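What you are looking at is a predicted structure, and each value in this text was computed from that prediction instead of being measured.
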Amino acid sequence: SVRLEALTSLPVKDVARYQSSLIRILGDKAKSVRSRVLHLLARIRKTSVHDRIVASMDSKEFGEYELDEKRRFYAAAALTGGGEERWIEQFKAHALLSTKGQDAVRHCAAVALGILLHRDSLGMLEKEAKRRLKYPLAAEGAVWAMQHMVCSREERTRQLYDLFYHGQLS
């Protein structure tokens, strides 16, 4: 699409200048456009950007997004300014009885905690990974977060690249 081409040609050094336009595009109908915008916004460490990404995550439409896109939203929100308390609360919620949708939220919250290198959450992530009755998505997010925290900066950068461009955890 033309919108995606325009976003792809936007120089990284100009991202902050177009911040308000990029935030409006978060609600675009095209997944590829939203994904590109998230990757660009993730470079702006501002509370206002973080808050707008989180507001998009609280929208009704967000529940319909696929897991890889939800992960991108969580990753971008984590990279723009924290949210540790929110991610911890979401990861702890429904730990005993979880539905598929809640399992996806817990998975994404674990990924966000890993991106933030939130070492205080290691105990609960380890507990989730070692559970006898596992929720597969939450456990996958917890395992990824723990290994993300201990790998080199270069490896973390490569993992974020895979998350944003390929939609997968590596």
NZ (Lys31) with more than 12 external heavy atoms under 6.0 Å: yes
Residues, nucleotides or ligands: over 12 heavy atoms within 6.0 Å of Glu66 CD: no
Please determine if [X] and [Y] form a salt bridge, counting it only when a charged side-chain N lies under 4.0 Å from a carboxylate O.
X     : Y     : value
Lys46 : Asp51 : no
Asp14 : Arg17 : yes
Glu89 : Arg86 : no
Glu69 : Arg72 : no

Gap separating the [atom1] atom of [X] from the [atom2] atom of [Y], nearest 0.5 angstrom:
X      : Y      : atom1 : atom2 : answer
Leu26  : Met57  : CG    : CE    : 11.0 Å
Glu128 : Glu140 : CD    : CD    : 12.0 Å
Asp58  : Ile53  : CG    : CD1   : 12.5 Å
Ile88  : Glu84  : CD1   : CD    : 7.0 Å
His118 : Met124 : NE2   : CE    : 7.5 Å
His107 : Gln90  : NE2   : CD    : 13.0 Å

Using the rule given for side-chain contact (heavy atoms from CB on, under 4.5 Å), can you reason through Ser20 versus Arg24, listing the C-alpha separation, both sets of side-chain angles and the distance that settles it, and then say yes or no? CA-CA 6 Å; Ser20 59; Arg24 282 194 302 275; 4.2 Å; yes
State, yes or no, whether a side-chain contact exists between [X] and [Y] at a heavy-atom distance under 4.5 Å.
X      : Y      : answer
Leu169 : Arg71  : yes
Leu79  : His50  : no
Ile115 : His148 : yes
Leu22  : Leu7   : yes
Leu137 : Arg106 : no
Leu163 : Gln168 : no
Ser35  : Phe164 : no
Leu125 : Met149 : yes

Identify the two heavy atoms, one from [X] and one from [Y], that lie closest to each other, and give their separation to 0.1 Å.
X      : Y      : value
Ala129 : Met146 : CB-CE, 3.7 Å
Ala142 : Ala110 : N-CB, 3.7 Å
Ala77  : Val54  : CB-CG2, 4.2 Å
Leu67  : Ala104 : CD1-CB, 4.1 Å
Arg3   : Ala30  : NH2-CB, 3.7 Å

Would Leu113 and Trp87 satisfy side-chain contact (heavy atoms from CB on, under 4.5 Å), going step by step from the backbone distance to the final call? CA-CA 7 Å; Leu113 289 167; Trp87 313 140; 3.8 Å; yes
Is there a donor-acceptor contact under 3.5 Å from the side chain of [X] to the main chain of [Y]?
X      : Y      : answer
Asp28  : Val33  : no
Ser56  : Arg52  : yes
Arg34  : Gly27  : no
Trp144 : Ser170 : yes

Determine whether the aromatic ring centres of residues His166 and Tyr161 are separated by less than 6.0 angstrom. yes
Ring center gap for Tyr165 and His39 short of 6.0 angstrom: yes
Apply side-chain contact (heavy atoms from CB on, under 4.5 Å) to Val105 and Tyr74, showing your working. CA-CA 9 Å; Val105 167; Tyr74 275 79; 3.6 Å; yes
